[in-house]
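First the structure, in the form of structure tokens, and then the observations on it.
For the numbers below, each heavy atom of this structure counts, side chains included, while hydrogens, waters and symmetry mates do not.
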Amino acid sequence: MAYFNLSFLALLLLLLPPLALLLILYLIVRPRPVKIPIKNRHVFITGGSSGIGLALAHQAASEGARVSILARSIDKLEEAKKYIQLSTGIDVSIFSADVRDYDAVSKAVEEADPIDVLIVNQGVFVPEELEKQGLDEVKFMVDVNLIGSFNMIKAALPKMKKGDSIPRSIALMSSQAGQVGIYGYTAYSASKFGLRGLAEALQQEVISHDIHVSLIFPPDTDTPGLTEEMKKRPQLSRIIAESSGMMKAEEVAKKAFKGIKSAAFIVPCNLEGALLSIATAGMSPQRSFVMAFVEVVAAGLVRLVALFFQWNWYNGIHTWHAQNKRA
């Protein structure tokens with residue numbers, strides 16, 4: 001009996017610290033958990049005519065949403081509309097505009113129904129080392145990926161704030177290159193890292209209006225854009241980027257909506273993305289006290305894993321340059 005009591009006491013003492021930590025995290029995590037409905041809500045997606053954007057639009061329509069897509073090419077928009085209509089039976093509203101043009105984006109928002117879920121998905125990527133890359137290409141990526149996101153959100157916010165009492169969402173499509181810098185991605189990574197600062201500050205600004213921000217981090221995704229990018233991607237970029245694997249656009253769309261519906265701030269799309277999310281959690285909001293517990297407990301171990309990745313990448317870079325000098 002005494003042995004049993006000692007064993008029970010030892011177990012209790014062992015469990016007390018993690019249980020106490022879970023209780024503290026349950027009390028302090030902010031914002032609080034919330035659910036974002038998709039069915040019968042208006043989902044507005046930029047870059048929605050192809051790739052991840054088209055997969056997002058198809059997923060939203062499949063879940064019973066009213067869908068609008070915005071892109072530059074009216075021909076691609078018409079093709080996307082027809083595809084979604086045929087596969088889901090849902091009609092889609094289309095808007096032709098360049099996200100770099102605030103007036104054009106504002107006009108599209110005014111013509112559209114009030115937006116419940118805004119997915120800022122547009123993105124361009126031209127891989128090249130900074131020394132070799134023209135500043136016009138750098139500016140192009142920053143203007144589309146970052147400034148275009150500011151334009152779209154700023155145009156949509158006034159009407160979103162006046163929405164009904166049901167929670168609403170703003171989701172930004174970043175990239176795993178927005179969590180860790182990668183060789184040959186200098187300008188692209190800068191434009192995607194910027195989205196994180198935008199999202200963290202924006203969440204504080206809109207939380208009182210029941211608007212919830214999500215930041216999505218897909219790896220390389222099998223899209224027409226990636227096919228073009230691979231033709232120009234430096235060899236070292238390929239070696240490093242391939243360590244996270246590739247996903248289908250439809251898989252990313254499902255992961256994205258799972259995160260949006262749970263109002264998760266950070267939405268990873270695969271195991272490597274989940275590890276990166278823990279490693280880079282920093283000051284980002286966290287709604288799940290369980291996930292917060294994982295971040296706190298696993299932070300040291302994940303940092304160690306991250307250092308092994310960096311060791312591998314830098315060894316690869318030095319080896320590659322050494323081989324090319326001898327060639």
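A heavy-atom distance below 4.5 Å is not found between the side chains of Lys162 and Pro158. Contact annotation: the side chain of Asp222 never approaches that of Met247 to less than 4.5 Å [non-hydrogen atoms, C-beta and beyond]. With a 4.5 Å cut-off on side-chain heavy atoms, Val43 and Arg66 do not count as touching. Residues Lys248 and Thr221 fail the side-chain proximity criterion, which asks for heavy atoms closer than 4.5 Å. Proximity of Glu137 to Glu128: side-chain heavy atoms (C-beta onward) are separated by under 4.5 Å at one or more points. Side-chain contact between Phe217 and Ser174 is present, with at least one heavy-atom pair separated by less than 4.5 Å. Within the 4.5 Å cutoff, side-chain heavy atoms of Val67 are placed close to those of Ile69. The closest side-chain heavy-atom distance from Cys269 to Ile216 is below 4.5 Å.
Ring geometry for His42 versus Phe44: interplanar angle over 60°, hence perpendicular rather than tilted (30 to 60°). Taking the six-membered ring where tryptophan is involved, the planes of Tyr185 and Phe125 are tilted, since the angle between them lies from 30° to 60°.
Of the inter-residue distances, the one linking Ile182 atom CD1 with Ser189 atom OG reads 6.0 Å to the nearest 0.5 angstrom. For the atom pair OG (Ser175) and CZ (Phe193), the distance works out to 9.5 Å, reported to the nearest 0.5 Å. Within the model, atoms CG of Leu236 and CH2 of Trp313 stand 12.5 Å from one another, a figure rounded to the nearest 0.5 Å. If you take CD on Glu295 and OG on Ser277, they are separated by 8.0 Å, rounding to the nearest 0.5 Å. One distance of note links OG of Ser49 with OH of Tyr83; it measures 13.5 Å at 0.5 Å rounding. In this structure, the separation between OG1 on Thr280 and CD1 on Ile266 is 6.5 Å, given to the nearest 0.5 Å.
Neither Met291 nor Leu22 shares a network with the other; the hydrophobic side chains, linked directly or stepwise wherever heavy atoms of I, L, V, M, F, W or Y lie under 4.5 Å apart, form separate groups for each. Tracing side-chain contacts under 4.5 Å through hydrophobic residues (I, L, V, M, F, W, Y), one never reaches Val213 starting from Met173; they form parts of separate clusters. Under the 4.5 Å side-chain heavy-atom criterion for grouping Ile, Leu, Val, Met, Phe, Trp and Tyr, Leu198 is connected to Ile211 within one hydrophobic cluster. Clustering ILVMFWY residues whenever any of their side-chain heavy atoms sit less than 4.5 angstrom apart, transitively, puts Leu118 in the very cluster that holds Val144. The same ILVMFWY cluster, assembled from side-chain heavy atoms under 4.5 Å apart, contains both Val206 and Ile153.
The environment of CZ in Arg303 is sparse: at most 12 heavy-atom neighbours from other residues, nucleotides or ligands sit within 6.0 Å. When the shell of 6.0 Å around CZ of Arg72 is examined, it contains 12 or fewer heavy atoms from other residues, nucleotides or ligands. For Phe309, the CZ atom counts as loosely surrounded, since its 6.0 Å shell holds 12 or fewer non-hydrogen atoms of other residues, nucleotides or ligands. Atom NZ of Lys107 has 12 or fewer heavy atoms from other residues, nucleotides or ligands within 6.0 Å. Within 6.0 Å of atom NZ in Lys255, 12 or fewer heavy atoms from other residues, nucleotides or ligands are found, so the atom counts as exposed in its surroundings. The number of heavy-atom neighbours closer than 6.0 Å to CG of Leu27, taken from other residues, nucleotides and ligands shown, is above 12.
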Evaluate the salt bridge (Lys or Arg N to Asp or Glu O under 4.0 Å) criterion for residues Glu78 and Lys82: first the C-alpha distance (whole Å), next the side-chain angles of each, then the deciding distance (0.1 Å), finally the verdict.
-> CA-CA 6 Å; Glu78 291 287 0; Lys82 189 179 295 183; over 6 Å; no
Candidate pair Thr88 and His58, rule side chain to side chain donor-acceptor pair (under 3.5 Å), full reasoning | CA-CA 8 Å; Thr88 68; His58 185 274; 5.8 Å; no
Worked check of side chain to side chain donor-acceptor pair (under 3.5 Å) between Gln176 and Asn270 = CA-CA 10 Å; Gln176 286 182 0; Asn270 61 5; 2.9 Å; yes
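Across all non-hydrogen atoms, the minimal contact from Asp210 to His212 is OD1-NE2, 2.7 Å. When all heavy atoms of Lys35 and Pro167 are compared, the pair lying nearest together is O-CG, 3.8 Å. Listed here is the closest heavy atom pair of Ala65 and Ile90: O-CG2, 3.8 Å. Scanning all heavy atoms of the two residues, the minimum distance from Leu195 to Asn145 falls at CD2-O, 3.6 Å. Looking at every heavy atom in both residues, Ile260 comes nearest to Val117 through CG2-CG1, 4.2 Å. For Leu56 against Ala256, the heavy-atom pair with the smallest separation is CD2-CB, 3.8 Å.
Ionic pairing of Asp116 and Arg168 is not present here: no N-O contact between side-chain nitrogen and carboxylate oxygen is shorter than 4.0 angstrom. Using a cutoff of 4.0 Å between basic side-chain nitrogens and carboxylate oxygens, Asp220 and Arg233 are scored as salt-bridged. We find that Lys254 and Glu250 are not joined by a salt bridge, their nearest charged nitrogen and carboxylate oxygen being 4.0 Å or further apart. Salt bridge Arg41/Asp113: absent, no basic N to carboxylate O contact under 4.0 Å.
Among the candidates Tyr26, Phe293, Phe289, the single residue satisfying the side chain to side chain contact (heavy atoms under 4.5 Å, CB included) test with Leu21 is Phe293.
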